[in-house]
Amino acid sequence: MAKNDLVSGSIWDEYSNQVVNRMNNPQHQGEITEERAKELNAKLIIADFGAESCGDAVRLYWAVDEATDKILESKFKSFGCGTAIASSDVMAELCVGKTVDEAVKITNIDVEKALRDNPDTPAVPPQKMHCSVMAYDVIKKAASQYKGVDMESFEEEEIVCECARVSLATIKEVIKINDLKTVEEITDYTKAGAFCKSCIKPGGHEEKDIYLVDILKDTRALMDEEKLKTAADASASGELTFDKMTLVQRIKAIDTVLDEDIRPMLVMDGGNMEIIDIKENLPHYDLYIRYLGACSGCASGSTGTLYAIESVLKQKIDENLRVLPI
């Protein structure tokens, strides 16, 4: 049967020759028996891991020299697609000769890159990248059994994109450093979301606890908040003059001063106030406010309070501010 009878030529072209060769002729498929482990004077480890998203499963066999923690032999069995078989075969090969601690550092990216025909062309289409993740996870399972610990202990950071093994901390840092504004930019900088795409937003083949769209939204909100606070602090210290601020920066700067010097006094008397608008009436800046709570019934007569508010704002924000209650 010709390959185009199975899949279209364009899809077939997305797989490397290495994937095809290892899928058809895996070099490390099989099992390590107790007898074989004894011949090698090694401890036999058998670890199972399954990927619920696609129904694949892999069993990893290790023969480990307990004196050196070195993996002398590594084999696998797989219930899965051709990509899962090829990924598992490379994974088993990469383990041989390494210590258990070294093997745990093998990532799914290492597996995928080892399957490439050339360094710049991915070995599998994006939707099949999860197969190499399964190979990575079964290594952790085998290592946890050998060391007698929970497999999650090998995961030091919260991973958002399993395909590219990109952590939450890394994504947040990249967004901040590079002032990223779109998920596409996150993918360009980190490769998160470049493969199966389940980490981008809800609705992918695998449900996630957190998605790139949420991380971007939350991080951008935090960045905006930090910028406004910086602007308010700069204004208070005279580094950023009121006339150079945006409307949002002006409101934030004024609100910061009100929170520190005015609102506590009003709240103690059962009242409060809110900013309605700021309008330029050069050379003045007219700040329109509304009294709340106990203050609302005495707005017209609260000359002392109004004077206090205006005096503090003129001193800490801009001498041309005028406060007008409505």
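FYI, side chains are in, hydrogens and waters are out, and symmetry mates aren't considered; it's all heavy atoms of this structure.
Panel note: side chain T187, backbone A192; a donor-acceptor pair is recorded below 3.5 Å. Side-chain atoms of D224 do not come within 3.5 Å of backbone N or O of A221 as any donor-acceptor pair. Remark: the backbone N or O of I85 is not paired with any side-chain donor or acceptor of D89 at under 3.5 angstrom. Judged by distance alone, the side chain of N118 and the main-chain N or O of T121 form a donor-acceptor pair under 3.5 Å.
Shown here are the side chain to side chain donor-acceptor pair (under 3.5 Å) partners of D65, two or more places apart in sequence or in another chain: T68. With sequence neighbours left out, the salt bridge (charged side-chain N to carboxylate O under 4.0 Å, His left out) criterion links D48 to R59. With sequence neighbours excluded, the residues satisfying side-chain contact (heavy atoms from CB on, under 4.5 Å) with K147 are V100, D101, V149, F154. Partners of D214 according to the side chain to side chain donor-acceptor pair (under 3.5 Å) rule, which considers only residues two or more places apart in sequence or in another chain, do not exist here. Remark: R116 pairs with E112 by the side chain to side chain donor-acceptor pair (under 3.5 Å) rule, at least two apart or across chains. Every side-chain contact (heavy atoms from CB on, under 4.5 Å) that E185 has, sequence neighbours left out, goes to L180, K181, T182. With sequence neighbours excluded, no residue forms a side chain to side chain donor-acceptor pair (under 3.5 Å) with Y211. By the side-chain contact (heavy atoms from CB on, under 4.5 Å) test, K172 is found to be paired with L168, I215, T219, residues two or more places apart in sequence or in another chain being considered.
Using a cut-off of 4.0 Å between Lys/Arg side-chain N and Asp/Glu carboxylate O, E39 and R36 are scored as salt-bridged. Salt bridge annotation for K252-D259: absent, with no cationic side-chain nitrogen under 4.0 angstrom from a carboxylate oxygen.
Considering only heavy atoms from C-beta on, L115 comes within 4.5 Å of V19 through its side chain. A heavy-atom distance below 4.5 Å is found between the side chains of Y285 and E280. Put simply, the side chain of I175 reaches to within 4.5 Å of the side chain of L216, judged on heavy atoms. Within the 4.5 Å cutoff, no side-chain heavy atoms of M273 are placed close to those of T305. Contact check for V160 versus L212: side-chain heavy atoms found under the 4.5 Å cut-off. The side-chain heavy atoms of L306 and Y291, taken from C-beta on, include a pair separated by under 4.5 Å. Using a 4.5 Å heavy-atom threshold, the side chains of E184 and I200 count as separate. The shortest distance between side-chain heavy atoms of D69 and Y146 falls below 4.5 Å.
Remark: K314 NZ to N320 CG distance equals 8.0 Å, nearest 0.5 Å. Atom CD1 of I159 is separated from atom OG1 of T170 by 7.5 Å, given to the nearest 0.5 angstrom. Between the CD1 atom of I71 and the CD1 atom of I139 there is a distance of 7.5 Å, given to the nearest 0.5 Å. In this structure, I276 CD1 and D286 CG are separated by 14.0 Å, a value rounded to the nearest 0.5 Å. Here I275 contributes atom CD1 and L258 contributes atom CG; the two are 5.0 Å apart, rounded to the nearest 0.5 Å. To the nearest 0.5 Å, the span separating CZ on R250 from CG on L321 amounts to 9.0 Å.
V248 and L222 are members of different hydrophobic clusters when ILVMFWY side chains are connected at heavy-atom separations under 4.5 Å. Linking ILVMFWY side-chain heavy atoms closer than 4.5 Å, directly or via other members, places V323 and L247 in a single hydrophobic cluster. Connection of V96 to V138 is not established within any shared hydrophobic cluster, with ILVMFWY side chains joined at heavy-atom distances below 4.5 Å, either directly or through further cluster members. Hydrophobic clustering, with ILVMFWY side chains joined whenever heavy atoms are under 4.5 angstrom apart, groups L282 together with I254.
Other residues, nucleotides and ligands contribute at most 12 non-hydrogen atoms within 6.0 Å of the CD atom of E207. Annotation for E102: atom CD counts as buried by contact number, over 12 foreign heavy atoms lying within 6.0 Å.
Through side-chain heavy atoms spaced under 4.5 Å, either directly or across other Ile, Leu, Val, Met, Phe, Trp or Tyr residues, I32 is tied to L44, I46, Y61. Hydrophobic cluster membership of L72, counting Ile, Leu, Val, Met, Phe, Trp and Tyr whose side-chain heavy atoms lie under 4.5 Å apart directly or via other members: L40. In the hydrophobic clustering, where aliphatic and aromatic side chains (Ile, Leu, Val, Met, Phe, Trp, Tyr) are joined below 4.5 Å either directly or transitively, V267 stands alone.
Of all the heavy atoms in R263 and E274, the pair that sits closest is NH2-CA, 4.2 Å. Contact detail for A308 and I262: the closest heavy-atom pair is O-CD1, 4.2 Å. Looking at every heavy atom in both residues, S144 comes nearest to K141 through OG-O, 2.7 Å. Nearest heavy atoms, A142 versus I45: O-CG2, 3.6 Å. Between D179 and R220, the closest heavy-atom pair is OD1-NH1, 2.6 Å. Here the closest non-hydrogen pair linking H28 and A92 is CB-CB, 3.9 Å.
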Run W62 and Q145 through side-chain contact (heavy atoms from CB on, under 4.5 Å) and show every step you take.
CA-CA 11 Å; W62 276 352; Q145 290 182 200; over 6 Å; no

M91 and I106: CA distance, side-chain angles, deciding distance, side-chain contact (heavy atoms from CB on, under 4.5 Å) verdict:
CA-CA 8 Å; M91 172 270 299; I106 297 171; 5.7 Å; no

Residue pair Q18, V90: steps toward the side-chain contact (heavy atoms from CB on, under 4.5 Å) verdict:
CA-CA 10 Å; Q18 282 234 54; V90 166; 5.6 Å; no

Validation: residues 75-84 side-chain donor-acceptor distances under 3.5 Å, sequence neighbours left out:
residue, atom, partner, partner atom, Å
K77, NZ, E31, OE1, 2.6
S78, OG, A57, O, 3.4

